[in-house]
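Structure, as structure tokens:
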2 protein chains.
Amino acid sequence: MGKDVAELSGGGGERRVVSEATLRRLPLYHRYIKELGQAGATGVSCTKIGGALSLDPTQVRKDVEVTGIVGRPKTGYEVGELAAAIEHFLGWDSAKEGFLVGVGSLGAALLGYHKFAEYGLEIVAAFDTDPAKVGKRIHGKYVLALEGLPKLVRRMHIAIGIITVPVGAAQEVADLLVEGGVRAIWNFAPTHLNVAPEMIVRNEDLYCSLAALSQKLRANVKGMKG
Amino acid sequence: MGKDVAELSGGGGERRVVSEATLRRLPLYHRYIKELGQAGATGVSCTKIGGALSLDPTQVRKDVEVTGIVGRPKTGYEVGELAAAIEHFLGWDSAKEGFLVGVGSLGAALLGYHKFAEYGLEIVAAFDTDPAKVGKRIHGKYVLALEGLPKLVRRMHIAIGIITVPVGAAQEVADLLVEGGVRAIWNFAPTHLNVAPEMIVRNEDLYCSLAALSQKLRANVKGMKG
DNA sequence: TAATTCTCGATATAAATTTCTCGATAGACG
DNA sequence: CGTCTATCGAGAAATTTATATCGAGAATTA
């Protein structure tokens, strides 16, 4: 249940399975080699990437391998090629459209993240129940009433729903998004969503993150005392 | 390098190592049993938790075990006890103070998350370089000039630094926080921070998260086609 | 042109995590 | 009061993930 892996058809038609950990590291590599490219470099090696990001070179190589790119001994990879390979693998070269629901402070902040477009996501509209917000534009995106959500999702073939509503409304919104036919949900509400298992759900739970940090801090203190 | 585990002295003085994955799941359990408690329930079983959160019951049991709590067969755990055990284990019962640096839209949104206090973090002040923001109050928190940051961190014994500045300024801010003596950094800037290895750094990289979602979506489409 | 060095790619090893299996015990029920 | 069921707790197995090792090929240098 809930294996943290993703399947995809590889270049030759065979399928590969990629770990969640790899998926989280690939964007880091991409960002780094982009910087290198802007600095004028043309080649990268896994050793170099690993050194810059405090990671094991072997691991970098394994991660990079899943994109299907092949490097050359001594040289490594060509910066542009590797960047393109990662972009393609992660699906950034085929942007998907998304709706954001819940224009609170976090939702509004996300609407301002215009760089999402570079990462395969274009937020085309926002939704809220607050009449004071409906009809306005925030960071250039129109805020619409929640009622029309499912129909619009279906009509516009929206693939991604972003939930930035309070906990109490999250499940309801998720249901509306699923009803409309989104295939993935990016959930910023700190709660577990009950949706069909084939739905792609990604929980962005700040409290969970904080918990991990908090625990490490506590363990750290105890460790110093003892 | 970078083992994702945390040590802590257990109840009897021995040390346990907890995986990052467990650390991320514990808050989910806590939230669920809190809901149960508010609904009037007094007892929970791992089976029940697992069922509600779509997780394996055995895994829930293993996770819960690290808090040191002991359950009773047939009954499970007492709701209040389990909640308290998780809270203590995660360090939520001993709040740490933090500074937030970078009062952009995301930073301002985080300043409004008053619930952080329940999770062991109290943001006591914010910092920014923008003179138009300095001196104002946002969500009740004062915005101060960046210059005084290290001194104030040291004087007030601030443990946590939250970075919500643009990428270009992140490393610089991290250095200031470290200089002041914070022990943990919660980094929302999409970049790798170079700090001493004993520092606790938690990266909250939305683009990486989005990448994972994007890739799964792409893999999903391919899978359906083929 | 040959030696050297660096890095990829594949294989093997080790570690960690999740899952499974087995008693043991407490509560429910007749 | 005895039987039955559900759940904990602990140990073992299986799966995943990360790390280390080795050989081969390409660029640099002498």
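Side chains are part of it too, since the values below use all heavy atoms of this structure and drop only hydrogens, waters and symmetry mates.
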Problem set entry | Close approaches to DNA chain C from residues 75-83 of chain B, in residue order (heavy atom, under 4.0 Å) | Thr75(B)
Problem set entry | Nearest-angstrom distance from the residue atom CG of Asp63(A) to C1' of dT16(D) | 14 Å
For this session: Identify whether any heavy atom of Thr58(A) sits under 4.0 Å from a base atom; if not, whether one sits that close to sugar-phosphate; answer base, sugar-phosphate or nothing.
Result: base
For this session: Could you tell me whether the side chains of Gln171(A) and Asp175(A) share a donor-acceptor contact shorter than 3.5 Å?
Result: yes
For this session: Nearest whole angstrom, please: distance from the P of dA16(C) to the CG of Leu23(B).
Result: 16 Å
Problem set entry | Arg72(A) side chain near dA27(D) phosphate (N/O to OP1/OP2, under 4.0 Å) | yes
Seminar exercise, completed: dist Asn203(B):CG -> Arg24(A):CZ (nearest 0.5 Å) comes out at 11.0 Å
Exercise. Distance from Arg183(A) atom CZ to Ile160(A) atom CD1, nearest 0.5 Å?
Worked result: 8.5 Å
Problem set entry | Interatomic distance where NZ belongs to Lys74(B) and P belongs to dT7(D) [whole Å] | 7 Å
Exercise. OH of Tyr29(A) versus P of dC8(C): gap in Å, rounded?
Worked result: 12 Å
Exercise. Rounded to whole angstrom units, what separation is found between the NZ atom of Lys62(B) and the P atom of dC20(C)?
Worked result: 13 Å
Problem set entry | Side-chain heavy atoms of Lys48(B) within contact of Leu36(B), under 4.5 Å | yes
For this session: Could you tell me the separation between the CD atom of Gln59(B) and the P atom of dT16(D), rounded to a whole number of Å?
Result: 14 Å
Exercise. Any donor-acceptor pair under 3.5 Å linking the side chain of Arg72(B) with the backbone of Tyr77(B)?
Worked result: no
Exercise. Is the shortest side-chain N/O distance from Arg24(B) to OP1 or OP2 of dT17(C) below 4.0 Å?
Worked result: no
For this session: Using whole Å, report how far CZ of Arg61(A) lies from P of dT11(C).
Result: 15 Å
For this session: Could you tell me whether the side chains of Thr67(B) and His88(B) share a donor-acceptor contact shorter than 3.5 Å?
Result: no
Seminar exercise, completed: When rounded to whole Å, the CG to C1' distance for the pair Asp56(A) and dT7(C) reads 14 Å
For this session: Taking ring-ring contact (aromatic ring centres under 6.0 Å, His included) as the test, write out the residues that go with Phe116(A), two or more places apart.
Result: Tyr113(A), Trp186(A), Tyr207(B)
